[in-house]
Visitor: 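After the structure tokens below, expect a handful of questions from me.
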Amino acid sequence: MAEYSKDEIKRIEEKWRMKWQQNGVYKTDNHSDKPKYYVLDMFPYPSGAGLHVGHPLGYIASDIVTRYKRLKGFNVLHPMGFDAFGLPAEQYAIQTGQHPRVTTEKNMATYVAQLSKIGFAFDWDRKVVTSDPSYYKWTQWIFMQLFNAWYDRTANNKVGKARPMTELVAELEKHGNKNIVAVCDDETPTITAAQWTAFNEIEKENFLQKYRIAYLAETMVNWCAALGTVLSNDEVKDGVSERGGYPVERIKMLQWNMRISAYAERLLTGLDTIDWPEPIKEMQRNWIGKSVGCELDFKLASGDDSIRVFTTRIDTIYGVTFMVIAPEHELVDKITTPAQREEVTHYVEVAKNRSERERMSEVKRISGAFTGAYVINPFNHEKVPVWIADYVLAGYGTGAVMAVPSSDTRDYAFAKHFNLPVVDVLEGPTSDITKDNFEPKSGKMINSGSLNGLPWQDAIEKALQHVETLGIGTRKVNYRMRDAIFGRQRYWGEPFPVYFDKGIPKLVDEKDLPVTLPEIDAYKPTETGEPPLGRAKGWNYKGHPYELTTMPGWAGSSWYWFRYMDPKNDKVFASKEALNYWKDVDLYIGGSEHATGHLLYSRFWCKVMKDLGYVSPEEPFKKLINQGHIQGISKLAYRINGTNKFVSYNLRKQYEVTPLHVDITFVDGDVLDVEKFRNWRDDLKNIELILEDGKYICGSEVDKMSKRYYNVVNPDDMVESYGADTLRMYEMFLGPLELSKPWNTNGIDGVFKFLRRFWNLFHDNQGNINVSDAEPSREELKVLHKTLKKIAYDIEHFSFNTSVSEFMICSNELSSMKSNKRAILEPLLITLAPFAPHIADELWEKLGHKESILYASFPQYNEEYLTESSFEYPISINGKVRVKMNFALDMPKDDIEKLVIASEVVQKWTEGKAPKKVIVVPGRIVNVVI
RNA sequence: GCCAAAGUGGCGGAAUUGGUAGACGCGCACGACUCAAAAUCGUGUACCGAAAGGUGUGUGGGUUCGAUUCCCACCUUUGGUACCA
């Protein structure tokens with residue numbers, strides 16, 4: 001006696017989750033004759049709020065693929081773990097004194113419990129946790145490899161590659177750095193072997209820092225003295241900290257950095273080799289921001305100095321009417337004339353103290369100051385005034401631009417504002433900057449000496465050659481992407497395996513890894529403004545002080561997919577065998593918000609590790625799918641301003657109201673449960689309600705699903721009410737995986753009914769298993785094979801919403817045929833198993849199988865059952881369907897045409913006249929043009 | 001501003017190569033069962049129109065025998081980015 005009822009579902013699902021666990025069915029072996037398939041989810045940060053129904057969306061999709069690939073004969077790796085270092089736990093620690101480890105472990109336990117209820121095929125034995133010392137030991141180890149590496153541009157056919165520092169030192173000892181072409185600090189001097197040898201230890205290390213991939217350097221940061229910490233741009237508002245409103249200043253601070261800029265070109269070209277969504281690739285391309293141009297010197301009109309500019313439009317050099325340099329430019333002080341000094345000093349002072357955020361919010365405001373100095377245009381030898389302005393950034397290019405107001409909108413705005421001359425150098429229909437249709441890359445050169453008459457592209461090449469002939473500059477490729485800051489003044493992160501010996505940063509011995517995070521008495525900066533680790537007692541290595549900052553959030557997530565391959569190994573981060581077997585990730589599912597963070601850093605680390613010979617893939621993630629976000633539907637009640645009255649939705653326009661987010665559990669449909677609402681909070685006890693039709697109707701809006709909006713739907717509740725299988729299928733049924741959509745529990749009934757109907761196919765009216773061994777009819781076979789074909793196609797194309805529809809159609813058809821043939825239901829069941837694993841295994845067992853359905857094979861569809869002999873042609877007249885006619889599929893076009901024209905309906909439309917034209921597309925459509 | 005994605009019934013969405021727009025589900029309406037309700041099952045459900053018929057995939061144009069699909073211009077929403085020379 002078994003109906004697919006709430007109790008039965010609970011029994012079935014718990015039974016199978018238990019069995020799967022006991023039998024270790026999700027344990028994945030690193031040795032197999034089967035082909036490998038690695039499915040990865042972006043691992044979560046375990047937040048205190050737990051999972052809401054949006055979180056599992058991607059995991060369900062990857063789980064379906066995992067199970068499908070298993071049935072298709074692959075050895076599939078599908079692991080899960082936690083990105084467990086992070087700010088929320090630390091913030092909580094600062095407020096409550098609770099150790100972030102305690103909070104994090106509690107949260108992870110909640111996540112595991114919630115995830116387990118949904119029936120994922122995770123191999124939990126491979127769980128990795130980034131805050132676990134056995135994991136971050138290897139994060140530290142990788143950091144050491146990056147510290148011990150430099151980027152040789154000449155290696156690997158000039159593509160360049162990372163090489164060990166020992167090789168650099170050997171070369172320095174032999175020849176100095178004159179033959180070294182490396183990615184290094186801009187101001188790295190050329191030295192001889194003798195100079196190198198003469199360096200003392202500190203000088204040597206300072207020199208090597210210019211080459212290391214992980215290096216210490218002074219970088220600009222937002223420093224908040226009151227909070228004793230560095231803030232991100234997000235955390236600074238109007239020059240003060242968002243939290244507390246304390247003053248923030250931009251200061252230079254010695255910080256760990258990652259020389260990701262060395263990999264700019266490979267990160268860019270690598271995008272062409274991977275199967276990722278085009279928008280994500282585009283975001284990364286923009287982030288890397290490659291621009292091809294040249295650098296050239298403009299000599300100062302007086303004195304020997306010259307100013308180097310970077311430009312992509314050397315063709316427009318005859319249009320240069322002024323030059324702008326960054327307020328931070330090193331020559332500002334030197335070239336400013338006495339008459340202009342006061343104004344310039346003042347401007348520099350103001351610009352320096354403006355945060356990037358401030359500069360950003362005032363894009364429209366044009367500001368600048370004249371230095372009093374002039375440079376000479378090397379092409380036409382004219383004198384050009386030099387200005388400073390903060391729209392020129394010190395950190396990009398050379399911190400100086402040759403301004404061409406006739407072909408650059410910013411230069412134009414600046415020229416207009418300060419009344420500087422504009423000289424047109426391009427002529428063409430879209431070359432006029434004062435017109436709306438202005439297109440800077442268009443037209444032919446005018447007013448440009450020997451460049452006159454050339455199209456702009458050709459002029460660039462000719463001007464470049466001229467620059468090279470004069471010896472005043474070179475072709476140059478610039479990237480927008482900067483090196484990444486790799487340190488935080490925080491506690492809850494990986495400690496650096498670095499100590500300082502007489503101020504020189506040194507790595508700890510490999511055998512002393514991991515450097516474990518010390519216990520401290522409070523999770524905030526020290527009184528002297530040092531990071532929290534400054535509080536740790538005895539925080540030193542063999543008597544030398546340890547580095548006090550910790551690694552940023554992205555450290556642990558930049559290599560975790562390798563650790564899953566061999567998570568328990570304590571000799572290496574992953575064994576050669578494991579790395580060789582699993583290689584790279586075949587399918588990665590996660591949100592697009594990580595486009596320029598995690599996804600870029602991971603590619604970077606993978607490339608470095610490849611260069612150093614630790615791994616083989618150039619790219620870590622072959623295919624990427626972005627899942628959209630599930631949004632919440634918030635419910636709103638409308639308070640009449642200044643009163644304790646609430647007005648129902650449709651009457652709200654008559655009053656001045658302020659919407660209040662109401663907990664969605666108080667609302668059924670749109671109707672508010674007034675009792676629950678009143679009891680929610682003290683201030684609502686005595687409210688007055690203005691009703692419509694005796695009810696209080698709530699408004700709705702789509703928001704992020706968040707505690708803040710009281711609109712969170714918990715997957716546990718869904719599993720409790722409908723079962724995990726229904727939840728899984730409903731999440732997929734909502735719409736395309738990559739689209740964001742609001743969660744509406746209302747529709748879930750449809751999926752639940754489908755599963756019950758599916759269940760009933762296997763049972764009689766009394767709930768006894770009832771499956772016939774009779775031969776299936778041709779009709780039944782057709783339904784089966786149509787479904788098999790569609791489901792396989794949909795899974796391969798990540799179109800899970802349409803597979804759920806197809807299952808519904810199939811089960812409706814079989815229901816109406818009263819089909820209960822084993823030959824039909826058994827293959828169908830295997831097809832359903834990736835989507836609804838619990839019910840599938842239960843029915844599989846009822847069909848008499850001893851082994852889980854996980855070990856079955858995905859049925860292959862047979863085209864033979866799908867072929868039709870005839871087709872119901874839609875007959876359209878001038879493109880509008882008017883009637884349908886059935887013809888054999890092998891009927892010649894001419895015959896169809898004759899029959900169609902002769903038909904009553906068509907005759908009516910043509911009024912007996914011959915049609916202008918008849919289009920017959922065999923197996924598709926007939927169109928009669930009249 | 002720039003880059004990208006999206007816009008289809010009351011709602012979520014479908015239409016795989018330019019070929020029957022609205023599959024499937026929710027909701028709604030009606031019917032069956034029931035003393036009644038719930039549950040379940042069945043039928044119907046884009047819009048206008050009594051019907052014939054007409055209109056319809058954000059808007060306006062275009063290509064085509066035929067456009068949700070291709071092209072041009074525009075509007076709206078969402079995400080990314082930000083003075084990048």
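Basis for what follows: all heavy atoms, side chains included, without hydrogens, waters or symmetry-related copies. A, B, ... follow the sequence lines: proteins, then strands. Residue 1 opens every chain.
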Visitor: Return the nucleotide paired to B:C74: Watson-Crick means purine N1 to pyrimidine N3 with N6-O4 or O6-N4, wobble means G-U with N1-O2 and O6-N3, both under 3.5 Å.
Guide: B:G58
Visitor: Rounded to the Å, how far apart are A:Trp276 CH2 and B:A4 P?
Guide: 19 Å
Visitor: Suppose you measure atom P in B:U16 against the same atom in B:U20; what distance do you get, rounded to whole Å?
Guide: 9 Å
Visitor: Let me know the distance between NE2 of A:His417 and C1' of B:C83, rounded to the nearest Å.
Guide: 15 Å
Visitor: So A:Lys789, base contact, sugar-phosphate only, or nothing? Heavy-atom distance under 4.0 Å.
Guide: nothing
Visitor: Can you find a donor-acceptor pair, distance only, under 3.5 Å between A:Lys741 side chain and B:U78 base?
Guide: no
Visitor: Indicate the atoms forming the closest heavy-atom contact of A:Thr371 with A:Ile388, along with that distance.
Guide: CG2-CG2, 3.8 Å
Visitor: How far does the C1' atom of B:U78 sit from the matching atom of B:C71, given to the nearest Å?
Guide: 25 Å
Visitor: If I pick the C1' atom on B:C11 and the same atom on B:G18, what distance separates them, to the nearest angstrom?
Guide: 30 Å
Visitor: To the side chain of A:Val881, which of B:A21, B:A85, B:U81 is closest?
Guide: B:A21
Visitor: Write down the distance between CG (A:Asn765) and C1' (B:C41), rounded to a whole number of angstrom.
Guide: 12 Å
Visitor: Is the phosphate of B:U16, meaning OP1 or OP2, less than 4.0 Å from a side-chain N or O of A:Tyr793?
Guide: no
Visitor: Counting any heavy atom closer than 4.0 Å, what does A:Asn286 reach on the DNA or RNA strands: base, sugar-phosphate only, or nothing?
Guide: sugar-phosphate
Visitor: Supply the atom-to-atom distance A:Ser799 OG to A:Tyr793 OH, rounded to the nearest 0.5 angstrom.
Guide: 8.5 Å
Visitor: Below 30° counts as parallel, above 60° as perpendicular, anything between as tilted: where do the rings of A:Trp387 and A:Phe418 land?
Guide: tilted
Visitor: Between A:Lys441 and A:Asp315, is there a side-chain N and carboxylate O pair less than 4.0 Å apart?
Guide: no
Visitor: Which whole-number value in Å describes the distance from A:Arg924 CZ to B:U16 P?
Guide: 9 Å
Visitor: Under 4.0 Å, counting only non-hydrogen atoms across every strand here, what does A:Pro736 touch: a base, just sugar-phosphate, or nothing?
Guide: sugar-phosphate
Visitor: Base, sugar-phosphate, or nothing: which does A:Tyr873 touch, judged by heavy atoms less than 4.0 Å apart?
Guide: nothing
Visitor: Whole Å only: how far is the NZ atom of A:Lys884 from the C1' atom of B:G19?
Guide: 13 Å
Visitor: Select one nucleotide: of B:U81, B:A85, B:G19, the one nearest the side-chain heavy atoms of A:Ile925.
Guide: B:G19
Visitor: Would you measure the distance from the P atom in B:A36 across to the matching atom in B:G49 and give it in whole Å?
Guide: 36 Å
Visitor: I need the CD-P distance between A:Gln284 and B:U81, as an integer number of Å.
Guide: 12 Å
Visitor: With both distances under 3.5 angstrom, what nucleotide forms a Watson-Crick or G-U wobble pair with B:G53?
Guide: B:C48
Visitor: According to the Watson-Crick and G-U wobble definitions, with both distances under 3.5 Å, which nucleotide is paired to B:A23?
Guide: none
Visitor: Between A:Ala400 and A:Val392, which heavy-atom pair has the shortest distance, and what is it?
Guide: N-CG1, 4.0 Å
Visitor: Determine whether the aromatic ring centres of residues A:Phe835 and A:Phe807 are separated by less than 6.0 angstrom.
Guide: yes
Visitor: Both A:Tyr479 and A:Asp794 contact RNA chain B. Which one's nearest nucleotide lies toward the 5' end?
Guide: A:Asp794
Visitor: Can you tell me how the ring of A:Tyr873 sits relative to the ring of A:Phe871, calling it parallel under 30°, perpendicular over 60° and tilted otherwise?
Guide: perpendicular
Visitor: Strictly below 4.0 Å, N to O, side chains only: are A:Lys476 and A:Glu295 in salt-bridge contact?
Guide: yes
Visitor: Taking syn as any angle within 90 degrees of 0 and anti as the rest, which one fits B:G9?
Guide: syn
Visitor: Go ahead and name the base partner of B:G1; Watson-Crick or wobble counts if both distances stay under 3.5 Å, otherwise write none.
Guide: B:U81
Visitor: Determine, using ring centers only, whether A:Phe322 and A:Phe414 are less than 6.0 Å apart.
Guide: yes
Visitor: Can you check nucleotides 60-67 of chain B for protein contacts, nitrogen or oxygen pairs under 3.5 Å, and list what you find?
Guide:
| residue | atom | partner | partner atom | Å |
| --- | --- | --- | --- | --- |
| B:C65 | O2' | A:Asn927 | ND2 | 3.1 |
| B:C65 | O2 | A:Asn927 | ND2 | 2.7 |

Visitor: Which value, in whole Å, describes the distance between the C1' atoms of nucleotides B:G1 and B:U68?
Guide: 31 Å
Visitor: Considering only side-chain heavy atoms of A:Tyr396, which listed nucleotide, B:A85, B:A5, B:U40, is closest?
Guide: B:A85
Visitor: What's the gap between B:C47 and B:G9 when it is taken at their P atoms, as a whole Å value?
Guide: 11 Å
Visitor: Give the rounded distance in Å between these two atoms: CD of A:Glu282 and P of B:C2.
Guide: 15 Å
Visitor: Between A:Arg882 and B:G54, is there a contact of a side-chain N or O with OP1 or OP2 at under 4.0 Å?
Guide: yes
Visitor: Can you tell if the side chain of A:Ile875 reaches within under 4.5 Å of the side chain of A:Arg882, non-hydrogen atoms only?
Guide: no
Visitor: Rounding to an integer number of angstrom, what distance separates B:G44 and B:G22 when you compare their C1' atoms?
Guide: 16 Å
Visitor: Whole angstroms only, please: what is the CH2-P distance between A:Trp759 and B:U40?
Guide: 17 Å
Visitor: Say you pick atom P in B:C72 and the same atom in B:A23; how far apart are they, in whole Å?
Guide: 32 Å
Visitor: For nucleotides 22-33 of chain B, tabulate all protein N/O to nucleotide N/O atom pairs closer than 3.5 Å, reporting atom names and distance.
Guide:
| residue | atom | partner | partner atom | Å |
| --- | --- | --- | --- | --- |
| B:A23 | N1 | A:Ser805 | OG | 3.4 |
| B:G25 | OP1 | A:Asn812 | ND2 | 3.1 |
| B:C26 | OP1 | A:Lys753 | NZ | 3.2 |

Visitor: Can we say A:Lys290 and A:Glu265 salt-bridge, meaning some charged N sits less than 4.0 Å from an Asp/Glu carboxylate O?
Guide: yes
Visitor: Please say whether more than 12 non-hydrogen atoms of neighbouring residues, nucleotides or ligands are located less than 6.0 Å from CD in A:Gln457.
Guide: yes
